[in-house]
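In what follows, a single structure is set out as structure tokens and then discussed.
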Amino acid sequence: MDFLSPEEWTAVALSLRVAIWATLVALPLAIWVAFLLARRDFWGKQLLNGIVHLPLILPPVVTGYLLLLTFGRRAPVGAWLADTLGLVFAFRWTGAALAAGIMGFPLMVRAIRLALETVDPKLEQAAATLGAPRIWVFLTVTLPLILPGIIAGAILGFAKAMGEFGATITFVSNIPGQTQTLPSAIYAFLQVPGGEASALRLVAVSVVIAMAALIGSETLARRATKRVMGA
Amino acid sequence: MDFLSPEEWTAVALSLRVAIWATLVALPLAIWVAFLLARRDFWGKQLLNGIVHLPLILPPVVTGYLLLLTFGRRAPVGAWLADTLGLVFAFRWTGAALAAGIMGFPLMVRAIRLALETVDPKLEQAAATLGAPRIWVFLTVTLPLILPGIIAGAILGFAKAMGEFGATITFVSNIPGQTQTLPSAIYAFLQVPGGEASALRLVAVSVVIAMAALIGSETLARRATKRVMGA
Amino acid sequence: MNLSVSIQHRFAGFTLDASFETPNGVTALFGSSGSGKTTLVNAIAGLLRPDQARVQIGDRLLCDSDQGLCLPPHKRRIGYVFQEGRLFPHLTVRQNLRYGSWVSGRQRDQAGETRVVDMLGIGDLLDRRPGALSGGEKQRVAIGRALLSQPLLLLMDEPLAALDEARKAEILPYLERLRDETDIPILYVSHSVAEVARLATTVVLLGKGKMLKCGPTAQVMSDPALAPAIGLREAGSVLTATVTAHHADGLTELAAAGGQVFLPRIGVPAGGTVRLRIHANDVMLSLGRPGRISALNVLPGKVTSIRSGGGPGAMVQLKAGHDQILARVTKRSATLLGLEPGSEVFAIIKSVSVAQADIGARNQSMAKSDTTT
Amino acid sequence: MNLSVSIQHRFAGFTLDASFETPNGVTALFGSSGSGKTTLVNAIAGLLRPDQARVQIGDRLLCDSDQGLCLPPHKRRIGYVFQEGRLFPHLTVRQNLRYGSWVSGRQRDQAGETRVVDMLGIGDLLDRRPGALSGGEKQRVAIGRALLSQPLLLLMDEPLAALDEARKAEILPYLERLRDETDIPILYVSHSVAEVARLATTVVLLGKGKMLKCGPTAQVMSDPALAPAIGLREAGSVLTATVTAHHADGLTELAAAGGQVFLPRIGVPAGGTVRLRIHANDVMLSLGRPGRISALNVLPGKVTSIRSGGGPGAMVQLKAGHDQILARVTKRSATLLGLEPGSEVFAIIKSVSVAQADIGARNQSMAKSDTTT
Amino acid sequence: GQVTVFAAASMKTALEDVAADWQRQSGHKATLSFAGSSALARQIEAGAPADLYLSANSGWMDRLEEQGLLRSGSRSDLLGNQLVLVGPAGTAPQPLDSTLIDALEGGHLAMALVEAVPAGIYGKAALEYLGLWTDIAPHVAQADNVRAALALVAIGEAPLGIVYATDAQAEPRVDVVAEFPAPSHPPITYPVAILTDSKADTVQAFLDYLKGPVAKKIFLRHGFTEPPQHK
Ligand SMILES: Nc1ncnc2c1ncn2[C@@H]1O[C@H](COP(=O)(O)OP(=O)(O)OP(=O)(O)O)[C@@H](O)[C@H]1O
Ligand SMILES: Nc1ncnc2c1ncn2[C@@H]1O[C@H](COP(=O)(O)OP(=O)(O)OP(=O)(O)O)[C@@H](O)[C@H]1O
Ligand SMILES: [Mg+2]
Ligand SMILES: [Mg+2]
């Protein structure tokens, strides 16, 4: 397609990959954290809550910088992960996904937690009396009932990942084909006089993708809500 | 206090003002939009939904740029607002609040909408049979029942506003005392070598404020949830 | 005010099609589980928008699909006691009770509130939230909330199902007073024939979404053909009688069409009229006037019909005066006694069989003194 | 298996303190609204963690605060029919019914499922979701779900309150079979004495959180002192009788301690034992053996006590054979007949007064043939 | 009396010193708004209340000039800078030849965005001039601004980076390992101009002060150079 240059297509593909991975990997974790925050009382709960919200509160550059200090090659955690799991984030698309996932994390957790808090514990009790162990209660009753919240969280995370720029570029820079996501490319175009038109093209692509995801998620969510509310 | 310079205190105060205004003004609008999206069917609903999510999807710089093109002094809407209502956004703290509000808007809408979708319509029906006109039903039943969602939305919006940087600096620049919010100040510090320590101080202030807001909101939300879930 | 209803609505796999018109008073909506009672009531309240509907109270037209008219629920002024409570969880019991006058801006009737709260026994609960109430307590609050919304029509969907007999016995007279003192029609869904017979002026019988029967209580209840639908145990007849005297031993003497009847004290002064529901099961037949027996009420009558099905029982309809009395006896007894239409028999009814729950005051002018009972 | 319960719990403004031990079979938990029934049942199910508790089924200790033992709900193997349904809204009716075997990994009992579905009349609803069910339909599914979870104890909180008489009459025999064929104890909360008397081996009477009485059904029910608590209308006695013959006219002849009794056909073969509940209201007393009367059952007996309160009625307790029969008559009748302890009287009971709902099969070995009735 | 200066973020420390000095001298206050040159230029196009624009490259200044937003005759090149190769403190000097790629040891060369940000553009031109670009291009990590590139080197994530001499001088954690010869890249200039809309009466005085010897000394102290002589 002539609309975008090959390099731009690469950026589109990369952005998609980053957003999808960020969402998929962060989602289970977000569910777990949301569950802890909504249902458990433990020491340091407010701390966890604060940490989860941190990426929202901090300017993205700061988050990116902190990521660099934590997951960089030379950073303790980064080095350890690279040595033991062979998992390298620095200057890789995985790092972009990590940044995007972390930036979207508070949004996911909030949505899921909100859904969790409206689940009627009476239904979970009913499941328990029918012989379901806790984990089964969660999987068969709680999880389906919070599906609309999970979908909302996922789409928020995905949208955020598609738009995330500050933390990503600070953490993994902008290496075409490896870490150059759509927002980085858009940013670059906006830095040069006359680059607006090119930026706009990429914005359009980004918007189209996110809208498709949004509409898809709406359909899913409507179905899930209908099931949950009955009818 | 010596911990921060007078200019930095100004930035803190400004950030607070911006975040509070952004949250307070955006909240009713977010409730209204969430209501439309959750409860009404109308032509262009998916469009509205998309527009609401746009600030999440777009890199903040783009949002800031679009704001500049729309609400700038020379821009049509901006000029019109200035002429008719005397409301100037360009290069004022009001503009920073507008940017922050817009960036946080999708988060608010989602949280509130999620809460709205779990309200049992049977309770609203009951209110109607007791003679409550629609608007009363909304105010006396729906609104209190979605209070946890509203609080969640507000705190997300507030946190986002405290951390928003890209759109703000692009839209209203970084003028100390007028549009220099904490994140802009942090950014500026990160632009100079050796500015990390100063940046860190500001980050700490930002985190403390946001955490205080967070913990406050948690308390409120817990109370609201308790009321709603009964007990 | 009379209530005129005509509603058609289809769900997947279920069609409701019912039209009836009932006079002032209480209309009992009766039918087995899943027969469409709640659907009908929802449609009247405006919560369900039926495919086709016409609902009119007196001369207030609430809804008419043909004219495209359909008042929203809050303009219908209907007090609805839901089958499942539906209390506002975020409001206290007191706030729930006052919700109706609050949102409609009507003057709150403090005396009425106190009366309702006392009657329902929820005075101790006023500051609690619904989440901390027992099932029956919730239902009582729901009843109170509907009563206090100053409705022009009351819809009650199995309001007393979750309550014990003692509590029912306290609430029923109140509903009777409501029926008699006000002009508010009541549509009352119930599975309990005892409640229905006592309260209802009219009975509407639903079955699988169709209206099977609609008519005055006495007539529907004593229709032997409907006994299976109502439940054999609950079949019976309804007599109207006038109080003639209150005796010192706690009995009230009444004059029914068929003769003199003694009942435990009724809270209606001499001259008042009451409705008595007599279970068919509670009526014994004797060919001769029985001797030294504990039953005080012996009404002479004539057999008008005998209906027997596959079971061992037979439903005998008598005419005593101009009243109809249903008696359920075994086929064996019918044979032993040689019963056939035209037989002269004595109906024996124990005074205590006609329990309080089955007696309803019917006299509007007198009913107020009833409060002191 | 016997059930032994001892629970103390405080809510703000309400204290539950009840201990009882009941033998195998059905235990009816009886008490007015807000008396603590649901709280007690929740504590047994493990949904409420009471301040102090000890619950034991047979030799399975579910919970003992003293030992610090408290099994979580899912390990208690309790089938709980909740007062408010609590169906899973995201699952179809079929999935709701199968939930128990699904999550516990137990083999699903297809035959049992078919039987339960038929009995509850929910075959047409299997693919629907709970949101589209009527109140009674929901409750039936909830009953089915609990029954099919293969519980070791059944807790039923007003399971039949939302159902019509016909449906109740279908479900009750099933519960009886459950009681008789299996070893599963049932704790049954109800406001309906008819249900209680028919099903229950033991009755526990709660009042304001305290246990007022616990004992065999016949004894609690025929205790004249408890009549006010139970409701006058519902007071009565329970007789045990043996089926002697089934007659061609649809009547079953039974031998009670006090004499021969005829009842509409009972689904128990000759030789089987049944329990009959006789409402005190349904018993008439006569000084001489009555003549040509439709009542088939005339049992001679001797007055043992007469209790009369402020009202016009008197509760007369008779001894007929070794059975106790309660009769409720007016004071006037008692005086007219000159009744006093020791008087020889005849108790007249109509066959049809002892309705199906009041007859419970009591013979375990015979009960199976019952299915064919 | 107040002058509002829109200045490229990289000039923050130096310009703040100068402004402070000017305030001491003249009693007038200069309000400094630091952001990216591009953002500032767009804001000026949108009517920002700025008096003076100090850009990090001539491109954006040219654009403003084309639009007639600069007070005619007020534009001049204020400063110059030098492009250097840096490594973490202690790195040995590195010749600018084909051994450069080996010196990366598989790591990345940190630069600013090579198509968008001046330091990146200059760096790319220099590498092309030296015939190293094609080989090194895949190893370049592009940060969104030169400070971020510097930070990558400073914390050891990148073994080498191309930054301005001013940056290198202020960051103790890096050492200059090579200097790019002036002819290898377009001249690095910091143009300054008064904006047409400027109302401040002191703006000309401030500009003169900026160009004056006192300010120049301060700038030189921060590592800036005299502006390169024009073609
Ligand atoms: N969570 C709670 N907090 C405080 N009080 C409660 C709570 N739950 C129940 N109660 C009170 O405890 C008492 C007993 O409640 P419970 O639900 O056990 O009654 P019940 O016997 O089941 O009544 P019903 O027949 O009306 O269902 C009631 O007075 C109720 O208001
Ligand atoms: N939303 C719905 N969609 C489809 N079918 C429905 C819906 N609501 C109710 N039904 C069906 O309509 C029929 C009538 O339901 P309704 O609630 O009116 O019964 P009901 O007479 O009130 O019964 P009950 O005494 O059990 O409350 C039932 O078969 C029910 O399953
Ligand atoms: Mg119903
Ligand atoms: Mg209860």
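Residue numbers start from 1 in every chain, and the chains themselves are labelled A, B, ... in the order their sequence lines are given, proteins ahead of strands.
With rounding to the nearest 0.5 angstrom, the CD atom of B:E117 is 10.5 Å from the OG1 atom of A:T118. Between atom CG of residue A:L107 and atom CG of residue B:L107 there is a gap of 5.0 Å, rounded to the nearest 0.5 Å. Rounded to the nearest 0.5 Å, atoms NZ (B:K45) and CD (A:E218) are 7.5 Å apart.
In this structure, B:E7 places its CD atom where only 12 or fewer heavy-atom neighbours from other residues, nucleotides or ligands lie under 6.0 Å away.
Contact annotation for B:Y65: only side-chain heavy atoms (C-beta onward) come within less than 4.5 Å of a heavy atom of chain A. In this structure, chain A has heavy atoms under 4.5 Å from both the backbone and the side chain of B:I57. Using a 4.5 Å cut-off between heavy atoms, B:L56 touches chain A through backbone and side chain atoms alike. Heavy-atom distances place both the backbone and the side chain of B:L58 under 4.5 Å from chain A. With a threshold of 4.5 angstrom between heavy atoms, B:L156 approaches chain A through its backbone and through its side chain.
Nearest approach of A:A152 to B:L114, heavy atoms of both residues: CB-CD1, 4.0 Å.
Between A:L200 and B:V62 the shortest side-chain heavy-atom distance does not fall below 4.5 Å. You'll find the side chain of B:L54 reaches within 4.5 Å of the side chain of A:M211, heavy atoms only.
Note: B:R110 leads B:R110, B:M162, B:E164 in heavy-atom pairs under 4.5 Å with chain A. Between chain B and the options A:P183, A:G163, A:A111, the largest number of non-hydrogen pairs under 4.5 Å is found for A:G163. The residue among A:A115, A:A19, A:G50 with the most heavy atom pairs within less than 4.5 Å of chain B is A:G50.
For the side-chain contact (heavy atoms from CB on, under 4.5 Å) criterion with A:P59, the lone passing option out of B:T181, B:I186, B:L182, B:L202 is B:I186.
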